[in-house]
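A short worksheet on the structure shown next.
All ligand and atom numbering here is 1-based and tracks the order in the structure. Residue numbers run from 1 in the order of the sequence given.
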Amino acid sequence: MPTDMNFTDLNLWTSPEHALDYLKRADKIPHRTEGERTLLEFVPAGSARILDLGSGDGRLLGLILAGGAEVEAVALDFSPPMLDRLRRRFAANSRIQVIAHDLNNPLPDLGYFDAVVSSFAIHHLVHRRKRELYAEIFAHLNSGGVFCNLEHVASSTTELHHRFLSIMNLTPEAEDPSNKLLDLDIQLHWLREIGFKQVDCHWKWRELALLAGVRS
Ligand SMILES: C[S@@+](CC[C@H](N)C(=O)[O-])C[C@H]1O[C@@H](n2cnc3c(N)ncnc32)[C@H](O)[C@@H]1O
């Protein structure tokens, strides 16, 4: 297990200000739409049930639904302002269930899904919990179901990390202390160990990457 010694277990996403500050910047994250577009390619056409982990204001589910999909979905988050936005956004769609849940705890019994998706959320968990969650996701997938994680991963050097921060207009001091960035290859290896097939990184720009795997 890689060490998280460099990270505290602090998670500022419990603070409403932190969540609202993110929503102001969310559209400005460079290249994210490329990652999101690529993720959409891997959601199986005709998926009946989709789970979105750390949904935020429902941006990713909104994109999936915008494709005209008649899906049942579960949007999960633990931040009150995000949950509030999710409930308002999907109020008119009885197929979307919004669930308050802290991903530090095991996933509740939500049934089985054709796709589990997540965008820029799981890197807020300590490494051990990331791996446990990946195994729980596998257990919640139907045969043929996919896991697509558009994620913030670690750079291979401090210099590259600082370069990424500067592109994001951040200094190392201003970096979100909730981030617990982990090497991409370790996460791909975990997915294979857990039993996912067709595991790959399908898109990457600096520290932003799309990891995916299929439960056969
Ligand atoms: C960077 S935002 C991404 C939101 C959304 N997925 C998007 O792409 O815009 C991270 C999200 O993860 C949620 N999150 C962070 N830690 C969490 C935890 N332990 N349990 C549940 N949600 C968490 C936050 O509340 C926030 O909504």
Aromatic centroids of [Y] and [X] separated by under 6.0 Å:
| X | Y | value |
| --- | --- | --- |
| Trp13 | Tyr22 | yes |
| Phe42 | His202 | yes |
| Phe147 | His140 | no |

Distance from [atom] to nearest protein heavy atom, with residue and atom:
| atom | answer |
| --- | --- |
| atom 17 (C) of ligand 1 | Phe78 CE2, 3.4 Å |
| atom 16 (N) of ligand 1 | Asn11 ND2, 3.0 Å |
| atom 3 (C) of ligand 1 | Ser119 O, 3.4 Å |
| atom 20 (N) of ligand 1 | Leu103 N, 2.8 Å |

Sub-4.0 Å heavy-atom approach of [X] to ligand 1:
| X | value |
| --- | --- |
| Leu23 | no |
| His152 | no |
| Asp77 | yes |
| Ser55 | yes |

Could you give the distance from [atom1] ([X]) to [atom2] ([Y]), rounded to the nearest 0.5 Å?
| X | Y | atom1 | atom2 | answer |
| --- | --- | --- | --- | --- |
| Gln198 | Ser216 | CD | OG | 8.5 Å |
| His18 | Asn11 | NE2 | CG | 7.5 Å |
| Ser155 | Leu184 | OG | CG | 11.0 Å |

For ligand 1, which atoms, with element, lie under 4.0 Å from some heavy atom of [X]?
| X | value |
| --- | --- |
| Ser79 | 25 (O) |
| Ala121 | 12 (O) |
| Met82 | 27 (O) |
| His101 | 20 (N), 21 (C) |
| Asn104 | 19 (N) |
| Asp102 | 18 (C), 19 (N), 20 (N) |

Between [Y] and [X], is the closest basic N to carboxylate O distance under 4.0 Å?
| X | Y | answer |
| --- | --- | --- |
| Asp114 | Arg215 | no |
| Arg37 | Glu34 | no |
| Glu159 | Arg163 | no |
| Glu72 | Arg49 | yes |

_Location of contacts on Leu125 toward ligand 1, heavy atoms closer than 4.0 Å_ = side chain
*With a 4.5 Å heavy-atom cut-off, do Leu191 and Phe138 have their side chains touching?*
no
*Looking only at N/O atoms, are His124 and ligand 1 under 3.5 Å apart anywhere?*
no
*Polar proximity ligand 1 side, Arg32 side, N/O cut 3.5 Å exclusive*: yes
*asked:* Tell me if the CZ atom of Arg192 is crowded by more than 12 foreign heavy atoms within 6.0 Å.
replied: yes
*Of the listed options (Tyr22, Trp13, Phe120), which comes nearest to atom 7 (C) of ligand 1 when hydrogens are ignored and any heavy atom counts?*
Tyr22
*Of the choices Ser178, Gly54, Ala26, Pro81, which has the non-hydrogen atom that lies closest to atom 6 (N) of ligand 1?*
Gly54
